[in-house]
Trainee: 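Below is the structure I would like to discuss, written out as structure tokens.
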Amino acid sequence: MKSARIASLLALTIAGAAASTASFADSLVKIDGSSTVYPITEAVAEEFQKAKKNAIKVTVGISGTGGGFKKFCRGETDISDASRPILKKEMEDCKAAGIEYIELPVAYDALTVVINPKNDWIKSLTVEQLKTIWEPGAQGKITSWKQVNHAWPDRPLKLFGPGADSGTFDYFTEAVNGKAKSSRGDFTASEDDNVLVQGVARDVGGLGFFGYAYYDENHDKLKAVPIVAAEGKPAVSPSPRTVVDGTYQPFARPIFIYVNAKSAEKPEIKEFVEFYLKNGEALSKDVKYVPLPSKAYAFNLEHFGKRLKGTKFGGENKVGITIEELMKLEAK
Amino acid sequence: MNQQELQALRNLIVAHKRWDALFGVLGVCALMIGVMTFMSLFVNMAIEGLGRIDVEFLTSFPSRRAAHAGILSAWVGSTLVMLVTAFAAVPIGVAAGIYLEEYAAKNWVTDVIEINISNLAGVPSIIYGLLALGLFVYTFGLGQSILSAGLTLALLILPVVIVSTRESIRAIPQIIREGAYACGATTWQVVRDHIVPYSSAGILTGVIIGMARAIGETAPIITIGALTFIAFLPPAPFTGDPPAGMFDWLFAPFTVMPIQMFNWTSRPEAAFATNAAAAGFILVLMTLAMNGLAIWLRYRLRKSINW
């Protein structure tokens, strides 16, 4: 008796597997990818589900920009969050799997370099000085602020940054050292930005970098360093204004969503992406990101309407690209 | 025995008692380290999070606004995953334990199996996640679902269930088996009528220890692809159109409590840290509730044993 019941239960389970995998795929918008883009996508997903009275279901995961593209290029997700443009290797993976995509910038982030508020010797940092501090050759050698600039005190230099899987780390190292992931290794690395915030807030000689939202939320504990992009240029502090007018260089960076072109034909995905672009301006401001100008969202909407496929970056990260330049880029 | 010898003997006893007391103090200290660590963490979480816990917190979906965010999808997800884990791990684990104790011949094959099971208990949980990603998610095509997660955690706690089953079976006096066999019972009859009922209290303890570990696991669940934002519930178990619809929930996307907490602790706004503490508090309560259930069941089972 009992064993017969167990056997029939098992049979039912297997029958259920065959029948129900399909029913879930239909009404779902599956998103995965960067933790940097996550807050915006989460906000959009939340509002979208409210607006649709839960008729369309949205799921958002965090597996990092690279991890997100892996799933995206296997066709497991409809939309991929990315804090940098798609890279050559990922383009090849997608191509091999026959996945085409539409690239849509959704907001800007200001990568912010922070120091302890008690640090009174730094008024600004040049990219050159950041390179002195962060280049691979500095490992074990540059350990005091005095070594960066003779006028600065002989205080130990304590460095904090995101881990090597992060798109933020890729962008910073590319902008400062000229090559993504090329950095000294003797710094405190954490995927959790709050660990970096705590580290710099507790150490007078601390220096760290992460997305603007974390600085904005902790501006009483941290000081943002104005950045001098090149010799003779003025020192510019990160702020929504300096990002939009293109003066905060080279650390203002666009963040993206990539939409699977085949998924985009489905009405629920189309509706979601349009909702994203129509409400992206207000919602990205809401979660402390820098929205693109209104015309950029309109431009993106048009871009999406035409289903323009491919990337405008040719598989490389372009450092210090302004919004104006971004809109003028042609898809390759 | 003269007075002098008696005095020496008394001194010796006093000295031994002193050592005894010293060991007692050491034991209490060792116990305190564990208890105090737990208590300070628990009290800390309670102070930080208790104010945040209300009905709304338990019945709301995650949100970008900390004050509106809740753990509905997380606790439902955790509960359903635990259900699958229990249904998978208990029958398999107990059956394996019974086989090894009552049926298996004592030879080198059994020894190899035993060593492997003990070793499995020490394998890092992320390895189970990677195995499950390849096996359940892709090869069996179960997808990133509650079923995959439940089976993954079942694998994880299987060694604990097997070992505790064997331990409690061994505690059953040999005479009981011999008595049954002497009356002509088969091995299966002995197992069904004596071994399983008498060892079920001990097995239950092992199951709960395993489940308590599983409910806090994050790494394997993230590996197989649990989500972070999910603002809908899986279909209620056993309510869809039978027969297939009843098991829809097994294939639903999900999130679990530890993932929700992890996400909240890494958010910039301090208010999310409060949410994480509140969720942590609820998670501890869920574990305590499971323990409570086990204690109650154990009490009932013990009462029914009359040797």
Side-chain angles (χ1 to χ4, degrees), chain A residues 6 8-9 11-25 27-28 30-32 35 38-50 54 56-63 71 74 76-77 190-195 197 210-218 283 286-288, chain B residues 60-66 68-69 73 84 87-88 91 137-138 140-145 147-148 192 222-235 238 240-255 259 262-273 276:
Chain A
I6 291 167
S8 63
L9 200 73
L12 286 182
T13 314
I14 292 159
S20 57
T21 20
S23 71
F24 269 106
S27 53
L28 260 183
K30 287 172 99 176
I31 310 172
D32 210 323
S35 60
Y38 175 80
I40 305 180
T41 303
E42 182 201 41
V44 175
E46 189 185 346
E47 293 305 318
F48 181 71
Q49 294 211 107
K50 255 184 226 159
N54 293 325
I56 300 174
K57 293 166 176 172
V58 186
T59 65
V60 191
I62 299 178
S63 42
K71 290 186 181 173
R74 278 200 299 252
E76 289 171 23
T77 53
S190 173
E191 298 296 340
D192 182 349
D193 290 338
N194 280 328
V195 173
V197 169
F210 36 73
Y212 183 73
Y214 284 86
Y215 162 68
D216 193 71
E217 194 61 34
N218 296 288
L283 289 174
D286 211 30
V287 292
K288 305 283 163 50
Chain B
S60 299
F61 288 114
S63 163
R64 67 181 184 284
R65 296 206 176 83
H68 297 293
S73 42
V84 175
F87 271 98
V137 177
Y138 292 122
F140 293 170
L142 300 179
Q144 285 138 355
S145 59
L147 183 60
S148 297
R192 193 188 56 197
I222 286 185
T223 314
I224 64 157
L227 296 151
T228 312
F229 175 85
I230 174 158
F232 55 89
L233 291 180
F238 312 112
D241 308 326
M246 289 170 72
F247 294 96
D248 271 354
W249 62 279
L250 284 172
F251 299 93
F254 69 103
T255 189
I259 294 183
F262 178 67
N263 175 250
W264 278 340
T265 54
S266 62
R267 299 291 277 260
E269 296 93 331
F272 278 112

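Letters go in sequence order (proteins before strands), and every chain restarts at 1.
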Trainee: Please flag which part of A:Tyr38 lies under 4.5 Å from any non-hydrogen atom of chain B: side chain, backbone, both or neither.
Mentor: side chain
Trainee: Is a salt bridge present between B:Arg65 and A:Glu46, judged by a nitrogen-to-oxygen distance below 4.0 Å?
Mentor: no
Trainee: Please flag which part of A:Asp32 lies under 4.5 Å from any non-hydrogen atom of chain B: side chain, backbone, both or neither.
Mentor: neither
Trainee: Just verifying a value: how many Å separate A:Ile62 CD1 and B:Phe262 CZ, rounded to the nearest 0.5 Å?
Mentor: 8.0 Å
Trainee: By a 4.5 Å heavy-atom criterion (distance strictly below it), what part of A:Lys288 contacts chain B: side chain, backbone, both, or neither?
Mentor: neither
Trainee: Atom CD of B:Glu269 and atom OH of A:Tyr214: how far apart are they, to the nearest 0.5 Å?
Mentor: 8.0 Å
Trainee: With a 4.5 angstrom heavy-atom cut-off, could you sort out which part of B:Tyr138 is near chain A: side chain, backbone, both or neither?
Mentor: side chain
Trainee: Between A:Val197, A:Ile31, A:Asp192, which residue shows the highest count of heavy-atom pairs closer than 4.5 Å to chain B?
Mentor: A:Asp192
Trainee: Is a side-chain N or O of A:Asp193 found less than 3.5 angstrom from the main chain of B:Pro268, in a donor-acceptor match?
Mentor: no
Trainee: If you count heavy-atom pairs within less than 4.5 Å of chain B, which of A:Ser35, A:Gly211, A:Ala45, A:Pro39 leads?
Mentor: A:Ala45
Trainee: May I ask you to name which of B:Ala270, B:Pro91, B:Ser63 has the most heavy-atom pairs under 4.5 Å with chain A?
Mentor: B:Ser63
Trainee: Among A:Gly61, A:Ser63, A:Ser190, which residue forms the greatest number of heavy-atom pairs with chain B at distances under 4.5 Å?
Mentor: A:Gly61
Trainee: What part of B:Ala273 lies closer than 4.5 angstrom to a heavy atom of chain A: side chain, backbone, both or neither?
Mentor: neither
Trainee: Please walk me through it: do B:Arg267 and A:Glu217 pass side-chain contact (heavy atoms from CB on, under 4.5 Å)?
Mentor: CA-CA 10 Å; B:Arg267 299 291 277 260; A:Glu217 194 61 34; over 6 Å; no
Trainee: Out of B:Thr228, B:Thr255, B:Ile230, which one pairs with A:Thr59 under the side-chain contact (heavy atoms from CB on, under 4.5 Å) rule?
Mentor: B:Ile230
